[in-house]
Every structure is written in structure tokens, then in C-alpha cells.
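What follows is a set of notes on a single structure, which appears directly below.
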Amino acid sequence: MILVTGATGALGSPTVELLRAAGYPVRSLSRRASDDPNSVVADLSTGAGLSDALLGVSAVVHLASGANARDSQQTRILLEALAAHPVEHLIFMSIVGVDKHVFAYYRDKYLSEQLIAASGVPYSILRATQFHSFLADLFRAQRWSPVTVVPSFTMQPVAVEEVAERLVEIVAAGPAQRVADFAGPEQLPFRELAQQWNIAHGRRRPVWSLPLPGAVGRSFARGDHLSTRPGAGHSTFAQYAEHAAASR
């Protein structure tokens with residue numbers, strides 16, 4: 001039995017689907033009840049329900065990202081629960097560059113990595129670049145604006161479905177500690193990605209590129225959030241944008 005946290009999220013949903021297609025029995029963990037008979041309700045910010053969720057589980061794919069608590073706090077609570085319900089494999093989803101970037105969210109992800117590595121639980125950690133859908137949400141939020149405003153740094157977006165496929169491979173391979181980063185095939189300026197989105201959706205509007213201030217801006221400008229080029233992913237953001245436009 002595999003327990004997937006964050007099972008209803010952008011990455012959790014395709015991961016659960018692919019794990020089940022591969023023949024694994026999967027228990028989906030969520031903070032809210034669902035119609036899925038194989039789901040369980042638990043709260044990683046408090047630990048409520050975790051003990052029952054872990055009964056009979058041999059592996060945990062930890063995809064939940066802090067909603068009511070920091071990621072590291074949720075990771076601590078999960079590791080405390082695993083001390084009473086040991087598993088053979090804990091897979092943690094992280095972000096490329098968390099050990100270098102100064103962005104607080106990234107630093108907290110890195111703390112989660114460190115907590116897992118020190119826990120004694122057999123583990124694998126996969127870092128990925130930002131998902132295509134992350135950029136799309138930013139562009140959709142500006143759909144009524146006469147201009148599209150983006151940060152003036154480069155991104156390397158990756159298809160969430162390809163990350164899910166990689167997670168299933170990691171489950172099958174067993175604990176491997178830190179595995180190779182998983183990144184998109186292209187590193188492109190945010191401005192160009194916005195233009196690709198606008199073209200796919202038939203929007204004729206300017207794109208304004210603005211620098212982020214401070215240490216966080218300098219970290220993004222250095223490319224601390226980028227992996228090697230090209231990454232292991234194959235789907236480009238332009239392809240994602242065209243598909244999204246066709247599916248409206």
C-alpha cells in the first residue's frame with residue numbers, strides 16, 4: 001500500500017492515477033473527505049488522522065505542500081508519525097535549487113530535505129523545476145489586463161505529468177536518497193513564455209518584464225532555481241499553452 005499526501009493537488013492527481021495504472025494499491029490522503037473509497041482524511045499540520053492513514057502502508061509519496069503550515073512543520077509531523085509506523089520508502093517532492101536559493105519557501109523545502117535525510121527513514125528526494133501550470137496560473141490571473149507583467153528572469157518549466165511518471169519510477173526503484181533533478185527541456189525568459197501563452201490564446205498585448213528587488217530577485221537572476229539544460233522533460237511550454245487554449 002502506498003500513501004500519497006497532497007493526492008488531490010496538481011501533481012498528486014496524476015501521480016495517484018499512474019501508480020494505480022502500474023498496479024500499486026494507493027491510499028490518497030487529503031484534508032477533506034472525498035468520494036474516493038481509497039482516500040483517507042488526515043491533517044499534516046496537526047497530525048490528526050495520520051496514524052490511521054499509515055496503517056498497512058509500506059511507502060509514502062509526500063507531495064503535500066503547506067497550506068495551513070510550513071512544509072517543514074508538516075514534514076516533522078509526518079516523520080513523527082512514521083516513527084510509530086515505519087515504512088520501507090519515503091519519497092519527497094522538492095524544488096530545484098532549494099539549497100542555493102534565498103527565497104523563504106525554497107529554504108523551508110530544503111529544511112524538509114534535511115529533516116528527512118536525518119530521520120533514518122529510507123528515502124528518495126526528487127527536485128523538479130516549476131510546473132507549466134504554475135506559469136499558466138500567473139498568466140490567467142492577468143487575462144483581463146491590457147498588459148502582461150512578468151519578472152525579468154529565466155524559467156525552466158516542466159510538464160507535471162512527466163514529473164508524475166518519474167515519481168512512479170522512483171517508487172519502483174526503491175530508496176535512492178537524492179536523485180537527479182527533473183527539469184523542463186528549455187530555459188526561456190519569463191517574457192518569452194508569456195508571449196507564447198498570449199499567442200496561443202490569440203491575445204495581442206504587450207509583455208512588461210520587471211526585475212524583482214532584493215536578495216530574492218538576485219537569486220532568481222543568477223538562475224539558482226534552474227537545472228542543467230536541457231532537462232529530462234520533453235514537453236515544452238509552447239505545447240502546453242496550445243493545448244490549454246484548445247481545451248478552453
Side-chain angles (χ1 to χ4, degrees), residues 5-6 9-11 61-67 69-76 78-79 90-138 149-160 162-164 166-167 169-170 173 175-194 209-237:
T5 74
L11 177 58
V61 182
H62 184 29
L63 308 181
S65 190
R70 293 188 308 166
D71 276 35
S72 60
Q73 180 183 340
Q74 293 191 344
T75 300
R76 280 192 178 96
L78 176 61
L79 290 172
L90 170 62
I91 300 95
F92 179 64
M93 189 71 240
S94 190
I95 306 171
V96 168
V98 291
D99 55 335
K100 299 179 291 184
H101 211 288
V102 301
F103 186 31
Y105 179 71
Y106 283 31
R107 300 305 300 172
D108 195 54
K109 280 283 188 186
Y110 186 45
L111 177 55
S112 287
E113 290 188 5
Q114 293 173 303
L115 291 170
I116 290 168
S119 70
V121 177
Y123 71 92
S124 298
I125 293 173
L126 174 65
R127 294 179 182 176
T129 49
Q130 293 291 345
F131 304 150
H132 290 156
S133 55
F134 172 80
L135 277 69
D137 288 343
L138 175 63
V149 181
V150 296
S152 58
F153 53 78
T154 296
M155 293 291 281
Q156 193 175 0
V158 67
V160 68
E162 294 179 340
V163 178
R166 181 68 185 113
L167 285 169
E169 293 174 352
I170 292 169
Q177 299 184 3
R178 169 89 186 278
V179 301
D181 292 350
F182 197 90
E186 299 176 311
Q187 292 181 4
L188 296 174
F190 226 126
R191 178 189 181 94
E192 186 171 340
L193 294 163
S209 184
L210 303 176
L212 287 181
V216 170
R218 291 191 294 273
S219 200
F220 276 114
R222 284 195 302 268
D224 291 344
H225 59 299
L226 303 175
S227 185
T228 55
R229 183 176 55 186
H234 299 288
S235 298
T236 67
F237 184 74

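All residue numbers refer to positions in the sequence shown, counting from 1.
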Exercise for the section: Look at atom CZ of Arg222 and say whether more than 12 heavy atoms of other residues, nucleotides or ligands are closer to it than 6.0 Å. Expected result: yes

Exercise for the section: Assess whether side-chain contact (heavy atoms from CB on, under 4.5 Å) is satisfied between Ser124 and Arg178, documenting all intermediate values. Expected result: CA-CA 6 Å; Ser124 298; Arg178 169 89 186 278; over 6 Å; no

Exercise for the section: Would you please indicate yes or no on a ring centroid separation below 6.0 angstrom for Phe153 and Phe190? Expected result: yes

Problem - Value rounded to 0.5 Å, distance of CG in Asp71 from CG in Leu78 - result: 11.5 Å

Problem - Step-by-step side-chain contact (heavy atoms from CB on, under 4.5 Å) determination, Val61 to Phe92 - result: CA-CA 6 Å; Val61 182; Phe92 179 64; over 6 Å; no

Handout entry: Shortest non-hydrogen contact between Ser94 and Glu113, atoms and distance
Key = OG-OE2, 2.6 Å

Completion exercise
Minimal heavy-atom distance between Ser209 and Pro151, with the atoms involved, is OG-O, 3.7 Å

Fill in the blank from the handout: What one should report as the nearest heavy-atom pair of Val179 and Ala176 is CG1-CB, 3.8 Å

Handout entry: Student check: side-chain heavy atoms of Gln130 and Met155 closer than 4.5 Å
Key = yes

Practice task
Could you check if a side-chain atom of Leu11 sits within less than 4.5 angstrom of a side-chain atom of Phe131, using non-hydrogen atoms only?
Solution key: yes

Fill in the blank from the handout: Arg166 and Phe182 have their tightest heavy-atom pair at CG-CD1, 3.9 Å

Problem - Side-chain touch Pro175/Tyr123, heavy atoms, less than 4.5 angstrom - result: no

Practice task
Decide yes or no for Ser235 and His132: does some side-chain heavy atom of the first lie under 4.5 Å from some side-chain heavy atom of the second?
Solution key: yes

Problem - Closest heavy-atom pair and its distance - Val160, Ala10 - result: CG2-O, 3.4 Å

Handout entry: Ile125 backbone acceptor or donor facing Gln177 side chain under 3.5 Å
Key = no

Fill in the blank from the handout: The reported gap from CD in Glu186 to CG in Leu193 (rounded to nearest 0.5 angstrom) is 8.0 Å

Exercise for the section: In sequence, state the C-alpha distance, the side-chain angles, and the governing distance for Met93 and Arg127, and then conclude on side-chain contact (heavy atoms from CB on, under 4.5 Å). Expected result: CA-CA 6 Å; Met93 189 71 240; Arg127 294 179 182 176; 5.8 Å; no

Fill in the blank from the handout: When Leu226, Asp181, Val163, Val158 are each screened for side chain to side chain contact (heavy atoms under 4.5 Å, CB included) with Thr129, the one that passes is Val158

Handout entry: Rounded distance [0.5 Å steps], OG in Ser119 versus CG in Leu90
Key = 7.0 Å

Problem - Ring center gap for His101 and Phe220 short of 6.0 angstrom - result: yes

Exercise for the section: Could you grab the distance from atom CD of Gln187 to atom OG1 of Thr154, nearest 0.5 Å is fine? Expected result: 7.0 Å

Exercise for the section: Taking all heavy atoms of Gln74 and all of Ser65, pick out the closest pair and write down the distance. Expected result: OE1-C, 4.1 Å

Practice task
Indicate yes or no: at least one non-hydrogen side-chain atom of Leu63 is less than 4.5 angstrom from one of Leu167.
Solution key: yes

Problem - Between OH on residue Tyr106 and CG on residue Asp224, distance to nearest 0.5 Å - result: 10.0 Å

Handout entry: Close side-chain approach of Pro185 and His234, heavy atoms under 4.5 Å
Key = no

Practice task
Evaluate the side chain to side chain donor-acceptor pair (under 3.5 Å) criterion for residues Ser72 and Tyr110: first the C-alpha distance (whole Å), next the side-chain angles of each, then the deciding distance (0.1 Å), finally the verdict.
Solution key: CA-CA 8 Å; Ser72 60; Tyr110 186 45; over 6 Å; no

Practice task
With side-chain contact (heavy atoms from CB on, under 4.5 Å) as the test, would you mind laying out the steps for Ser152 and Arg191 before giving the verdict?
Solution key: CA-CA 7 Å; Ser152 58; Arg191 178 189 181 94; over 6 Å; no

Problem - Flag side-chain contact, heavy atom, 4.5 Å: Tyr105 against Val98 - result: no

Fill in the blank from the handout: CD1 (Ile116) and CD1 (Ile91) are apart, to the nearest 0.5 Å, by 10.0 Å

